[in-house]
Amino acid sequence: QFLELLHIISGDRHCYYSEMHHAQAVLNHRSHLHRFIGKPRDNVVVQLGGNCPVTIAQAVQVLEDGGFAEVNINVGCPSPNVQHGQFGAVLMKAPVLVADILSSINASIPVTVKCRVGVDHLDSFEFFENFVDTLLNCQRPPPHLIVHARKCILKGLSPKQNRMIPPLNYSRVYKLASARSDLPITINGGFTTVKDIQAALEVVDGCMIGRQVMLKPLFLQEIDQRNMFTSKLEYTYYYFSSSDIYNVPKVRLKSPMEVIKQYTGKIKGKALNC
């Protein structure tokens, strides 16, 4: 439902990421995917978690058959439940397994990866570069990499603390972008102003915005009003948003009241159809 709200605010100008779904859950809900995940759209990316190449390959195929346009494998989530299941950020310690997961996928839709710049004591550019190179050298390399510019500490920090305590390391992401200029890279972490996003887009191909949009959905309209065109590909990502950023006149943006009325109307309509 939150992605529906973002579509009401900014339409197709951005790409919206779903919450992370375990691959097995996708298989279990295949008969009602649209109720489980949401309406498939060309600009919605489904985030998957898991550590079994066969299960993930099957889930990606189910999503493609269900009309979904793109999948992202999340290997950056540090939550306790995800760690217990041995997926998410834990997989950064097993790059060969991540490569095997990608290589196992036969579906034709794009499958990308979201990761961190490091995990626990594995906190160097060399580790990060080797992790990415392992994926790029597999049978099905990711066409796009999304990087949360913080390392992840698996023990002792909550997911919220892992979004705040490890320092941001934009320079490591920018160094990778320079070293792997043929790989589209999107940066994530700590972006709260349009000025910050513009600065990032001078160096990398995209910027993923998470918490700021969750706390203030109308922040998308601040982006929509700015002209951020550069010579590069441009994507603004929402959580878990990509698109060309348009210089939309303020008079063409929906007012908060319009957004509320349209959103509540959709929610009521869904309730009546249940």
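In what follows, every heavy atom counts, from backbone to side chain, and hydrogens, waters and symmetry copies are set aside.
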Any His14 side-chain heavy atom under 4.5 Å of Leu220 side chain: yes

Between CD on residue Gln262 and CD1 on residue Ile9, distance to nearest 0.5 Å: 10.0 Å

Worked check of salt bridge (Lys or Arg N to Asp or Glu O under 4.0 Å) between Lys151 and Asp120: CA-CA 7 Å; Lys151 81 169 187 175; Asp120 290 338; over 6 Å; no

Residue pair Val203 / Val173, side-chain heavy-atom distance below 4.5 Å: no

Residues Phe68, Val60; criterion side chain to side chain contact (heavy atoms under 4.5 Å, CB included); working and verdict: CA-CA 9 Å; Phe68 293 91; Val60 174; over 6 Å; no

Gln161 (side chain) donor-acceptor with Ser158 (main chain) under 3.5 angstrom: yes

Parallel, tilted or perpendicular: ring planes of His29 versus Phe36, cut at 30 and 60 degrees: parallel

Ser18 side-chain N/O to Gln47 backbone N/O, donor-acceptor pair under 3.5 Å: yes

NE2 on His7 to NZ on Lys39, rounded to 0.5 Å: 8.5 Å

Check against side chain to side chain contact (heavy atoms under 4.5 Å, CB included), Val111 and Ile56: CA-CA 11 Å; Val111 179; Ile56 290 179; over 6 Å; no

Phe2 versus Val213, closest heavy-atom pair with distance: CZ-O, 3.7 Å

NE2 (His32) with more than 12 external heavy atoms under 6.0 Å: yes

Distance-minimising heavy-atom pair for Leu91 and Phe131: O-CE1, 4.0 Å

Cys115 vs Val147 side-chain heavy atoms within contact, under 4.5 Å: yes

Criterion side chain to side chain contact (heavy atoms under 4.5 Å, CB included) on Val117 and Leu176, from CA distance to verdict: CA-CA 10 Å; Val117 295; Leu176 182 75; over 6 Å; no

Any donor-acceptor N or O pair under 3.5 Å, side chains Asp196, Thr193: yes

Note, Asn162 side chain near Pro159 side chain (heavy atom, < 4.5 Å): no

Test item: Lys175 and Glu129 side chains (from C-beta on) under 4.5 Å apart, heavy atoms: no

Working for side chain to side chain contact (heavy atoms under 4.5 Å, CB included), residues Phe127 and Val119: CA-CA 9 Å; Phe127 165 77; Val119 56; 4.2 Å; yes

Nearest atoms (heavy-atom pairs only) where Ser104 meets Ala57: O-CB, 3.4 Å

Whether Arg150 side chain and Pro166 backbone form a donor-acceptor pair below 3.5 Å: yes

Side-chain heavy atoms of Leu135 within contact of Pro141, under 4.5 Å: no

Point-to-point distance, once rounded to the nearest 0.5 Å, from CD1 of Ile146 to CZ of Arg116: 14.0 Å

Sub-6.0 Å ring centroid separation between Phe191 and Phe219: no

Sidechain-backbone polar pair: Glu70 side chain, Ile109 backbone, donor-acceptor under 3.5 Å: no

Electrostatic pair Glu4:Arg41 at N-O distance under 4.0 angstrom: yes

Side-chain touch Val71/Thr112, heavy atoms, less than 4.5 angstrom: no

For the student: nearest non-hydrogen atoms of Ala69 and Asp42, plus distance: CB-O, 3.8 Å

Cluster overlap Met214 with Ile223, hydrophobic side-chain contacts below 4.5 Å: yes

Closest non-hydrogen atom pair between Pro53 and Asn51, with its separation: CD-O, 3.5 Å

Within-4.5 Å side-chain heavy-atom neighbours: Lys93 and Leu122: yes

Any donor-acceptor N/O pair, Glu258 side chain to Ser255 backbone, under 3.5 Å: yes

Heavy-atom closest pair, residues Tyr174 and Val204: CD2-CG1, 3.7 Å

Gln58 and Gln61: side chain donor to acceptor below 3.5 Å: no

Nonpolar side-chain network containing Ile153, other nodes, edges under 4.5 Å: Leu157, Ile165

Spacing of NE2 belonging to His144 relative to CG belonging to Asn72, to within rounding of 0.5 Å: 8.5 Å

Asp205 side chain vs Ile185 backbone, donor-acceptor pair below 3.5 Å: yes

Distance-only polar pair, side chains of Thr186 and Asn188, donor-acceptor under 3.5 Å: no

Linked, directly or transitively: Val82 and Leu27 (ILVMFWY side chains, under 4.5 Å): yes

Exercise: do Ser10 and Gln221 side chains pair donor with acceptor under 3.5 Å: no

Electrostatic pair Arg180:Asp133 at N-O distance under 4.0 angstrom: yes

Distance in Å, Leu97 CG paired with Met92 CE, rounded so as to fall on 0.5 Å steps: 13.0 Å

Interatomic spacing from CG in Leu218 to CG in Leu5 - rounded to 0.5 Å: 8.0 Å

Flag, side chain of Ser103 to backbone of Gln139, donor-acceptor distance under 3.5 Å: yes

salt_bridge(Asp123, Arg172) N-O dist < 4.0 Å: yes

